[in-house]
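This is a predicted model, so every value here is computed, not measured. Labels below follow one simple rule: chain letters A, B, ... track the order of the sequence lines, proteins then strands, and each chain is numbered from 1.
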Number of protein chains: 2
Amino acid sequence: MRWNKLEGEACSVARTVSVIGDRWTLLILRDCFLRVRRFEEFQARLGVTRPILASRLRKLVKDFVLAKVPYQERPLRYEYRLTQKGLDLYPIVMAIVHWGDVHMAGKKGRPLLHQHVSCGKTFDPVMICSQCGEPLSPRQVHVHRGPGAASPRHMPADAAAGDRKQRRPVRSSRAHP
Amino acid sequence: MRWNKLEGEACSVARTVSVIGDRWTLLILRDCFLRVRRFEEFQARLGVTRPILASRLRKLVKDFVLAKVPYQERPLRYEYRLTQKGLDLYPIVMAIVHWGDVHMAGKKGRPLLHQHVSCGKTFDPVMICSQCGEPLSPRQVHVHRGPGAASPRHMPADAAAGDRKQRRPVRSSRAHP
DNA sequence: CGAGTTGGTTTTCTTATTGAACCTGCGTTA
DNA sequence: TAACGCAGGTTCAATAAGAAAACCAACTCG
């Protein structure tokens with residue numbers, strides 16, 4: 001199966017992976033969230049070869065994850081900035097960082113600490129249900145065919161429930177329609 | 001730069017990417033969370049070639065993300081199951097699914113809906129701060145060097161804060177030490 | 001004029017992925 | 001008992017992608 005096939009699949013993972021499912025792309029995005037914006041800076045930090053970097057940046061721009069905007073004229077120079085679509089990748093990047101912190105950290109501990117400006121504390125990211133606010137675990141989630149489903153594939157069966165107190169829904173900036 | 005180099009980097013993204021930063025691996029993990037466990041079933045659902053599937057499963061087992069356990073003897077047959085380390089990838093997979101749902105869904109809508117068994121509702125995953133419970137956004141997070149940091153790289157500068165009410169910390173199963 | 005900076009492209013070589021076929025151990029059917 | 005089927009792989013030749021190093025172009029600065 002080829003890359004391009006993925007985009008057409010009726011699966012959100014496949015579609016997302018067709019955009020960011022490449023190790024250099026993920027490392028580029030990490031640096032984007034650390035305010036890196038220029039070709040040379042990406043290249044120096046990542047150690048990626050220039051042709052690959054150019055091709056990945058081109059693809060991210062084509063997919064509207066990054067925008068190539070001039071930061072000066074004469075000589076005309078561009079920088080790469082996250083679009084809203086790109087900024088929305090933040091939970092993915094944070095989830096990746098957190099898993100690495102928990103499972104891949106050396107004995108010296110985690111390389112980076114995250115401080116939440118709003119509350120001032122060092123934190124971990126936690127993924128919760130937008131409806132009840134409880135932390136998510138795989139066994140607590142059932143999957144159903146949605147309107148965009150294709151052939152009867154990608155379908156599981158599951159069980160197990162819990163009785164937990166209800167909270168009020170979290171207003172996510174981009175919640176369920 | 002080579003794959004193996006990534007594992008040694010003082011960056012949790014790089015380390016995580018050295019394990020799961022491959023499109024086939026991510027699609028395999030998607031199916032793992034949909035209760036797919038056998039070689040033939042992965043192969044049929046993913047359309048990946050058999051040598052690649054074998055090599056990816058081998059790597060995931062080596063990295064303790066999957067465990068290869070016999071489900072019958074005579075003939076001896078194995079299945080691949082998520083370990084706890086693998087189950088902990090759930091937020092990453094859910095974040096990927098959600099981004100695909102929001103940004104890559106076709107006009108028919110999302111392919112899959114997620115129901116939270118605990119509360120019964122169809123939900124979206126939301127990533128929050130473990131300390132105050134507020135949804136995370138990139139601009140609200142400052143990064144600092146942790147104990148495992150290496151050379152003075154991967155360091156940003158940031159600003160902007162907000163005054164938000166405080167909640168009590170979320171007890172994540174694997175929170176900040 | 002010559003050197004430096006930024007943001008790339010070109011070229012050549014090496015590695016990874018694909019597609020198809022083949023292998024193994026065992027059970028089942030004829 | 002021979003033939004076939006199945007699950008779970010491996011082997012092999014052809015092709016695509018990635019790495020390393022060099023090169024290019026537009027402009028500025030001294």
Side-chain angles (χ1 to χ4, degrees), chain A residues 1-9 14 17-29 31-32 35-63 66-82, chain B residues 1-9 14 17-28 31-32 35-63 66-81:
Chain A
M1 189 199 263
R2 284 306 199 297
W3 257 99
N4 353 333
K5 287 274 192 180
L6 279 185
E7 296 172 39
E9 287 233 341
V17 162
S18 78
V19 177
I20 63 158
D22 167 272
R23 58 210 177 98
W24 290 124
T25 301
L26 285 167
L27 293 173
I28 289 167
L29 289 169
D31 275 6
C32 287
R35 276 77 185 176
V36 174
R37 305 201 214 281
R38 304 204 186 153
F39 191 92
E40 296 292 327
E41 200 178 356
F42 285 115
Q43 209 266 312
R45 290 169 53 92
L46 299 182
V48 64
T49 64
R50 301 169 72 83
I52 296 287
L53 176 59
S55 87
R56 293 301 185 275
L57 289 173
R58 212 160 31 228
K59 176 160 168 55
L60 286 170
V61 168
K62 195 199 73 186
D63 288 335
L66 297 181
K68 185 176 183 176
V69 300
Y71 67 87
Q72 70 173 32
E73 303 178 358
R74 326 191 47 76
L76 189 53
R77 294 281 181 258
Y78 296 96
E79 64 183 12
Y80 296 89
R81 288 173 159 272
L82 288 164
Chain B
M1 189 200 266
R2 286 304 201 298
W3 257 98
N4 353 330
K5 288 274 193 181
L6 280 185
E7 297 173 39
E9 288 233 340
V17 162
S18 78
V19 177
I20 64 158
D22 167 273
R23 58 208 175 100
W24 289 124
T25 301
L26 285 167
L27 293 173
I28 288 167
D31 275 6
C32 287
R35 277 75 187 179
V36 174
R37 302 201 215 283
R38 303 202 186 156
F39 191 93
E40 295 292 327
E41 200 179 355
F42 285 114
Q43 209 267 312
R45 289 172 52 94
L46 299 182
V48 64
T49 63
R50 301 169 73 81
I52 294 287
L53 176 58
S55 87
R56 294 300 186 277
L57 290 173
R58 212 160 30 228
K59 177 161 168 53
L60 287 170
V61 168
K62 192 199 75 187
D63 289 334
L66 298 181
K68 186 176 182 175
V69 300
Y71 66 88
Q72 70 172 36
E73 302 179 0
R74 327 190 45 78
L76 189 52
R77 294 281 182 259
Y78 296 97
E79 64 183 13
Y80 296 89
R81 287 173 161 271

Under the side-chain contact (heavy atoms from CB on, under 4.5 Å) test, residues paired with [X] that sit two or more places apart:
{"X": "B:Tyr78", "value": "B:Lys68, B:Pro70, B:Leu76"}
{"X": "A:Ile52", "value": "A:Trp24, A:Val48, A:Thr49, A:Arg56"}
{"X": "A:Pro75", "value": "A:Gln72, A:Arg77"}
{"X": "B:Arg37", "value": "B:Arg35, B:Glu79, B:Arg81"}

Please report, rounded to the nearest Å, how far the [atom2] atom of [N] is from the [atom1] atom of [X].
{"X": "A:Ile52", "N": "C:dT9", "atom1": "CD1", "atom2": "P", "answer": "12 Å"}
{"X": "A:Ile28", "N": "D:dG18", "atom1": "CD1", "atom2": "P", "answer": "11 Å"}
{"X": "B:Gln72", "N": "C:dT28", "atom1": "CD", "atom2": "P", "answer": "10 Å"}
{"X": "A:Gln43", "N": "C:dT9", "atom1": "CD", "atom2": "P", "answer": "13 Å"}
{"X": "A:Lys59", "N": "D:dA17", "atom1": "NZ", "atom2": "P", "answer": "12 Å"}
{"X": "A:Arg56", "N": "C:dG8", "atom1": "CZ", "atom2": "C1'", "answer": "16 Å"}
{"X": "A:Arg23", "N": "D:dA17", "atom1": "CZ", "atom2": "P", "answer": "15 Å"}
{"X": "B:Leu53", "N": "D:dG9", "atom1": "CG", "atom2": "C1'", "answer": "10 Å"}

Check your understanding: So, do B:Leu27 and B:Asp31 sit near enough that their side-chain heavy atoms are less than 4.5 Å apart?
Key ->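 Not touching, per the 4.5 Å side-chain cut-off.
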Look at [X] and [N] and indicate whether a side-chain polar atom (N or O) is within less than 4.0 Å of OP1 or OP2.
{"X": "B:Tyr78", "N": "C:dG25", "value": "no"}
{"X": "B:Arg38", "N": "D:dG9", "value": "no"}
{"X": "A:Trp24", "N": "D:dA17", "value": "no"}
{"X": "A:Tyr71", "N": "C:dG7", "value": "yes"}

Check your understanding: Going 5' to 3' along nucleotides 22-30 of chain D, which nucleotides have protein heavy atoms under 4.0 Å from the base (write B), which only from the sugar-phosphate (write S), and which from neither (write -)?
Key -> ----BSS--
Check your understanding: Which atoms form the tightest heavy-atom contact between B:Val19 and B:Thr25, and what is the distance?
Key ->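 Of all heavy-atom pairs spanning B:Val19 and B:Thr25, the closest is O-CG2, 3.9 Å.
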Point to revise | Residues that A:Glu40 engages under salt bridge (Lys or Arg N to Asp or Glu O under 4.0 Å), provided they are two or more places apart | key: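 Partners of A:Glu40 by the salt bridge (Lys or Arg N to Asp or Glu O under 4.0 Å) criterion, ordered by chain and then number, come out as A:Arg50.
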